[in-house]
Amino acid sequence: MDSLGSWRRTHYTSEINGEMDGEEVTVMGWVNSIRKLGKLIFIILRDREGTIQIVIPKQKVPEEVFNIGKSLGREDVIAIRGKVVANEKAPGGCEIVPLEIRVLNRAESPLPLDPSEKVPADLDTRLDNRFLDLRRPKITALFKLRSEMLRAVRDTFYREGFIEVNTPKLVASATEGGTELFPLSYFEREAFLSQSPQLYKQMLMAAGFERVFEIGPIFRAEEHNTRRHLNEAISIDCEMSFADERDAMEMLEKVVYNTLLHIKEHCRRELELLDVDLKIQDIPFPRLTYDEVVDIVNTRGVEMEWGEDLSRAGEKVLGEYMEGFYFITKWPRDIRPFYTLPCEEDPKLCKAFDLMYKDLEIASGAQRNHIYPLLVESIKRMGLNPESFESYLQAFRYGMPPHAGWGLGADRFMMVLGGQKNIRECVLFPRDRHRLTP
RNA sequence: GCCCUGGUGGUGUAGCCGGGCCUAUCAUACAGGACUGUCACUCCUGUGACUCGGGUUCAAAUCCCGACCAGGGCGCCA
């Protein structure tokens, strides 16, 4: 085994081409595959950006180089200093003839799964050996896509005058209602992992921050076991003052639309690898009211009473009826959280919305209830105790502007962008009902 | 949490219905050998597996029960 020493990579494999014939380069990466043909050895070297062929003809390289080449196995980590040779017979039209090879680390064998994708592996096996799974170009592509998605989302927020914030993930209250929280011990007290930055975002409206966004983890202790649920997820959240639910929907459209454009333009290679034909959907996205949704779902043979949330069957028929992204607006007040502002014209309804992609809910938001007495009443209505919201409610008593916002599930958004059927595919190290490692 | 399906070498599979010719199939990986243009290299040789526990039977990978694990569906998801 050799040390890196003073060697540094001069090129990623993708940066080398036939026009560099004769140039000396240093490349580093993993042995993707190796074919030993007696006195001739071919290595496909893989780095983050791609692969390149290394050719080792016994007659034309130092004996030591040939011997090292012969000793290599799959996924060994090597560095090669060598000459670029343009050659039509090589994949990509060029290859490297090594002057010197350094073996930086050996890989044990057999490997727990096959990164070259000749033999498929179950998702469970892949997640158990995720670092190896992630060496597969297709999988790497998905996470490059994710990185660019986050960049596009951030860019849009900054361009629109939002401040990026971080709110606590360790919280005291288990009384927000709704979802189950993960309890944990906090010195001599009990604490919980935050299910959403909701209450903090709103307090920042009282702080006069006007427009904030946060990209961070949320934790839900539900025992769900589906392709679209995780117990730890990343939420893209925003909140804006002096705005109503229509402003919030427009902002959400901008974020989604800009991300589609950005990915389409900057991730051609990744989309191709993933075999995704990303459609740019013009804005505004269609808006359905909850009332319309109830009609559509019932007309298509799935029973749905007014006042019920969409069942999975309901989502499916709706997803068949609607193409791409669409909003559902004007929800019944009783099935939305207490911080949603009721409609003035009909107190049974509220100013909440969901953003759907086909049959998948990817975001939800609303104009928030900024009127203190009405908010207290709503908390009671939901069977919750206003006293446990004291530090939150305080913020509404000394000048809280009208405001609206939403939360977009980053991992679900990735399912749409990357064409994935299982949300676990979109997360490096997913946390679900049974998986806590790696 | 409920329902359905499944668990066979490192990985992915065939065999299971109709128990015995299974000393368990194939691919890939791995080890050794031959090979100077491979690109899923080819060829020869070799190594390696029936999730666990109980039961039925002369006989269980195969049938039955339970546990564990996985996949899918549903529920839950302010």
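Predicted model, so just to flag it, every value in this text is computed and none were measured. Note on naming: letters A, B, ... go to the chains in the order of the sequence lines (proteins, then strands), and numbering restarts at 1 for each one.
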Chemist: Side chain of A:R287, backbone of A:T329: donor and acceptor closer than 3.5 Å?
Modeler: no
Chemist: For A:F396 and A:H403, take the angle between the two ring planes, folded into 0 to 90°, and tell me which bin it lands in: parallel under 30, tilted 30 to 60, perpendicular over 60.
Modeler: tilted
Chemist: Check the distance between B:U38's P and A:N87's CG and give it to me in whole angstrom.
Modeler: 11 Å
Chemist: Once you round it to whole Å, what is the distance between P of B:G75 and CZ of A:R220?
Modeler: 17 Å
Chemist: Could you check which of B:G37, B:C41, B:A70 has an atom nearest any side-chain atom of A:K118?
Modeler: B:C41
Chemist: Hunt down the Watson-Crick or G-U wobble partner of B:U13, both distances under 3.5 Å, from any strand shown, or write none.
Modeler: none
Chemist: Would a line drawn from the ring center of A:F389 to the ring center of A:F338 be shorter than 6.0 Å?
Modeler: yes
Chemist: Please confirm whether the backbone N or O of A:R246 pairs with a side-chain atom of A:K351, one donor and one acceptor, at under 3.5 Å?
Modeler: no
Chemist: Which nucleotide, if any, forms a Watson-Crick or G-U wobble pair with B:C68, using both distances under 3.5 Å?
Modeler: B:G7
Chemist: With a non-hydrogen cut-off below 4.0 angstrom, is A:A313 in contact with a base, only sugar-phosphate, or nothing?
Modeler: nothing
Chemist: Compare side-chain N and O positions of A:R433 against OP1 and OP2 of B:G1 and report whether any pair is under 4.0 Å apart.
Modeler: yes
Chemist: Taking a pair as Watson-Crick or G-U wobble with both distances under 3.5 Å, which nucleotide is matched to B:G18?
Modeler: none
Chemist: Work out how far the P atom of B:G6 is from that of B:U47, and round it to whole angstrom.
Modeler: 33 Å
Chemist: Work out how far the C1' atom of B:C50 is from that of B:G19, and round it to whole angstrom.
Modeler: 15 Å
Chemist: Could you please name the option among B:C76, B:G1, B:G37 that lies closest to any side-chain atom of A:E222?
Modeler: B:C76
Chemist: How do A:L113 and A:E315 order along RNA chain B: which one's closest nucleotide is nearer the 5' end?
Modeler: A:L113
Chemist: Which base sits across from B:C74 as a Watson-Crick or G-U pair, both distances under 3.5 Å?
Modeler: B:G1
Chemist: Would you say B:G12 has OP1 or OP2 under 4.0 Å from some side-chain N or O of A:T125?
Modeler: yes
Chemist: Would you kindly give the CD-to-P distance between A:E75 and B:A29, to the nearest whole Å?
Modeler: 13 Å
Chemist: Examine the base of B:A40 for any acceptor or donor lying under 3.5 Å from a partner atom in the side chain of A:S116, and report the outcome as yes or no.
Modeler: no
Chemist: Considering only B:G37, B:C76, B:U11, which nucleotide approaches the side chain of A:A121 most closely?
Modeler: B:U11
Chemist: Atom CD of A:E308 to atom P of B:C76: distance rounded to whole Å?
Modeler: 10 Å
Chemist: Ignoring hydrogens and geometry beyond distance, is the side chain of A:E95 in donor-acceptor contact with the base of B:G37 at under 3.5 Å?
Modeler: yes
Chemist: Carefully, step by step, assess A:M249 and A:L355 under the rule side-chain contact (heavy atoms from CB on, under 4.5 Å).
Modeler: CA-CA 9 Å; A:M249 284 191 275; A:L355 178 66; over 6 Å; no
Chemist: Answer with base, sugar-phosphate or nothing: what part of the nucleic acid does A:T226 contact at a heavy-atom distance below 4.0 Å?
Modeler: base
Chemist: Could you measure between the two P atoms, the one in B:G72 and the one in B:A29, and give it in whole Å?
Modeler: 28 Å
Chemist: Could you tell me how far B:C30 sits from B:G37 if I compare only their C1' atoms? Round to whole Å.
Modeler: 25 Å
Chemist: OP1 or OP2 of B:G73 sitting under 4.0 Å from any side-chain N/O of A:K421?
Modeler: no
Chemist: Expressed in whole Å, how much space separates the P atoms belonging to B:G55 and B:G48?
Modeler: 30 Å
Chemist: Tell me which nucleotide among B:A78, B:G71, B:C39 gets nearest to the side chain of A:L123.
Modeler: B:G71
Chemist: Provide the Watson-Crick or G-U wobble partner of B:U25, both distances under 3.5 Å; none if there is no partner.
Modeler: none
Chemist: Is the distance from OP1 or OP2 of B:C69 to the nearest side-chain N or O of A:R435 less than 4.0 Å?
Modeler: no
Chemist: So, does the side chain of A:H224 form a donor-acceptor pair with the base of B:C77 at under 3.5 Å?
Modeler: no
Chemist: For the C1' atoms, the ones on B:U28 and on B:G71, what distance do you get once it is rounded to whole angstrom?
Modeler: 23 Å
Chemist: Looking at B:G73, I'd like to know if its phosphate oxygens (OP1 or OP2) sit under 4.0 Å from a side-chain N or O belonging to A:R227.
Modeler: yes
Chemist: If you assign each of A:N225 and A:F42 to its closest nucleotide in RNA chain B, which residue comes earlier from the 5' end?
Modeler: A:F42
Chemist: C1' atom, B:U13 versus B:C26: distance in rounded Å?
Modeler: 7 Å
Chemist: Could you tell me whether a side-chain N or O of A:T13 sits under 3.5 Å from a main-chain N or O of A:R46, the two making a donor and an acceptor?
Modeler: no
Chemist: OP1 or OP2 of B:C41 sitting under 4.0 Å from any side-chain N/O of A:K36?
Modeler: no
Chemist: Is the A:F325-A:F285 ring centre distance short of 6.0 angstrom?
Modeler: yes
Chemist: Would you say A:T289 and A:D291 are linked by a side-chain donor-acceptor pair, where the criterion is simply a distance under 3.5 Å?
Modeler: no
Chemist: I'd like the P distance from B:C21 over to B:A61, given in whole Å.
Modeler: 9 Å
Chemist: Which nucleotide sits closest to the side chain of A:D122: B:U13, B:G10, B:A78?
Modeler: B:U13
Chemist: Partner of B:U57 by Watson-Crick or G-U wobble geometry, both contacts under 3.5 Å, or none?
Modeler: none
Chemist: Once you apply the 3.5 Å cut-off to both distances, tell me the Watson-Crick or G-U wobble partner of B:G48, or none.
Modeler: none
Chemist: Applying a 4.0 Å non-hydrogen cut-off, can you work out what A:R312 is touching in the nucleic acid: base, sugar-phosphate, or nothing?
Modeler: sugar-phosphate
Chemist: Please work out if A:N422 contacts a base, only the sugar-phosphate, or nothing of the nucleic acid, heavy-atom cut-off 4.0 Å.
Modeler: sugar-phosphate
Chemist: State which of B:U38, B:C74, B:C30 makes the closest approach to the side chain of A:P91.
Modeler: B:U38
